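In each ligand, atom 1 is the first atom listed, and ligand 1 is the first ligand listed. Model, not experiment: these values are computed from the prediction.
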Amino acid sequence: MRALFEPRLVNDAFGDPGLYVDFRDERRALLFDLGDITVLPPRKLMRLSHVFVTHTHMDHFSGFDHLLRVVLGRKAGIVLVGGPDFMAQVEHKLRAYTWNVVHRYEVELVLDVREIGTDGRGRRATFSSRRRFERESAAPFEVIDDVLHDETTFRVRGRLVDHEMPCLAYAVEEKAHVKVGKDRLASLGLSTGSWLRELKQAVLTGAPGETPIRVQWRDRHGEHLITRPMSELRHLVLDVVPGQRIGYVTDLRCTESNVRTLSQLLPGVDLLFIESVFLDEDREHAARKNHLTARQAGEIARRVGAKAIVPFHFSPRYEGRSDGVVAEAQAAWAGAPASLRPAPG
Ligand SMILES: [Zn+2]
Ligand SMILES: [Zn+2]
């Protein structure tokens, strides 16, 4: 199934956590976490419309300066989303620099910063390069059903989990996925063309059934043009199936309440990126550090009903042993028999 977006970890499993979600047919992307992002070339950073930060430990937020430096003077705007106190933390970052020339840059950069409080409410402020990145408050927003961002084709939901501090876990959800029945197309004597994109767009954006679609194509008999209502074409050539859902979960403690929160946010998620910082033999250390072991990550993924998992955010102490960390997470996710698991300590 060709999904709307393609998620990829920014760094390897030992590097700073981060997920780059590229939209296949648009010059556009989302980023989850803002640690070391120097491997992303400027053209990829320029594509970002939204950056979602889980929490502001350095490995998740120190890349803010790099991003700002790349987009400043070139990009018109970017939305940054984070947890409690996020607006103040972005403001502190901006205050650390002297802005005596940026107001003259031809392209104005506006940072649209949104934070989710522990009360579940959304607050917003903007910072413009034209006004030396002074904080300007904007209207607060309501968070309904955990939705932090909503567009016609996808949404991003988020919930706070416990990392001895509030930390956001995220879900990226494609609303519906549309497939073209190529064989049916041929049997109707039609061929592909820009009209298919128009039809898909009409279906995905919930346009009324009577919306006329101009079906235009060319073959050896010449140019053809017919106009049919969307509702008719949709059933003839398209299959609409539920969209792809991705989870991005890092950093958190292994607690029942976190598992419950994730089960509500990510039930049956297609692909779950989940931190697996330590091996289960080091589980006491993991608990002290407020992180999961690979086995705990796998068990959480299984309880959430994840269809596939990608463990990441490994401690450097396992450098050279990443296969073992992955295997432990995968085994717990697959529900390996207890006899194959390390004995509980
Ligand atoms: Zn952390
Ligand atoms: Zn971390």
Side-chain angles (χ1 to χ4, degrees), residues 7-21 30-40 51-67 80-90 92-93 115-118 148 156 158-172 246-255 257-259 261-262 265-266 272-280 282-301 309-319 321-322 325-326 328-329:
R8 192 165 292 170
L9 288 171
V10 174
N11 297 300
D12 70 28
F14 293 99
D16 281 1
L19 185 71
Y20 188 87
V21 178
L30 312 174
L31 181 65
F32 291 83
D33 272 338
L34 197 45
D36 180 359
I37 49 165
T38 47
V39 298
L40 294 173
V51 179
F52 298 87
V53 174
T54 56
H55 64 307
T56 47
H57 278 154
M58 284 194 86
D59 53 330
H60 300 255
F61 195 48
S62 64
F64 175 86
D65 290 27
H66 180 75
L67 176 65
L80 299 162
V81 181
D85 294 326
F86 188 60
M87 292 191 306
Q89 289 176 308
V90 171
H92 293 318
K93 284 251 184 202
E115 73 176 33
I116 318 306
T118 43
L148 307 183
V156 176
R159 263 199 191 203
L160 293 170
V161 290
D162 173 22
H163 176 45
E164 204 188 28
M165 64 178 282
C167 174
L168 279 162
Y170 290 105
V172 197
I246 301 164
Y248 179 77
V249 176
T250 192
D251 301 357
L252 69 163
R253 308 159 108 163
C254 188
T255 64
S257 112
N258 276 345
V259 177
T261 301
L262 295 174
L265 181 69
L266 303 159
L272 179 61
F273 292 86
I274 185 163
E275 71 147 65
S276 302
V277 182
F278 296 101
L279 282 173
D280 211 56
D282 296 322
R283 96 182 61 107
E284 272 130 51
H285 185 65
R288 276 194 300 275
K289 295 275 199 170
N290 304 305
H291 279 296
L292 302 180
T293 68
R295 176 175 162 183
Q296 290 165 342
E299 282 170 354
I300 290 172
I309 64 166
V310 180
F312 72 111
H313 204 352
F314 301 169
S315 160
R317 64 166 66 186
Y318 309 114
E319 203 92 50
R321 295 161 69 195
S322 64
V325 185
V326 173
E328 185 178 291

Q | Worked check of side-chain contact (heavy atoms from CB on, under 4.5 Å) between R317 and F278 | A | CA-CA 9 Å; R317 64 166 66 186; F278 296 101; 4.0 Å; yes
**Q.** Pairing of E284 and R288 as salt bridge, 4.0 angstrom limit
**A.**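 Answer for the salt bridge query: no.
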Q) So which protein N/O/S atoms does the Zn ion (ligand 2) have within less than 2.8 Å? A)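 Only D59 OD2, H60 NE2, D251 OD2, H313 NE2 fall inside 2.8 Å of the Zn ion (ligand 2).
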Q) Does some side-chain heavy atom of F86 sit less than 4.5 Å from a side-chain heavy atom of T56? A)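 The answer is yes; the side chains approach within 4.5 Å.
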(Q) Nearest N/O/S atom of H163 with respect to the Zn ion (ligand 1), by atom name, please. (A)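 This residue's closest N, O or S atom turns out to be NE2.
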Q: Answer yes or no: are there more than 12 heavy-atom neighbours, outside K93 itself, under 6.0 Å from its atom NZ?
A: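 Yes, enclosed.
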Q) Between H60 and T250, is a side-chain contact (heavy atoms from CB on, under 4.5 Å) present by the stated rule, with each step listed? A) CA-CA 10 Å; H60 300 255; T250 192; 3.8 Å; yes
Q: Tell me yes or no: between the side chains of H163 and N290, is some donor less than 3.5 Å from an acceptor?
A: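 No, N290 and H163 have no side-chain donor paired with an acceptor closer than 3.5 Å.
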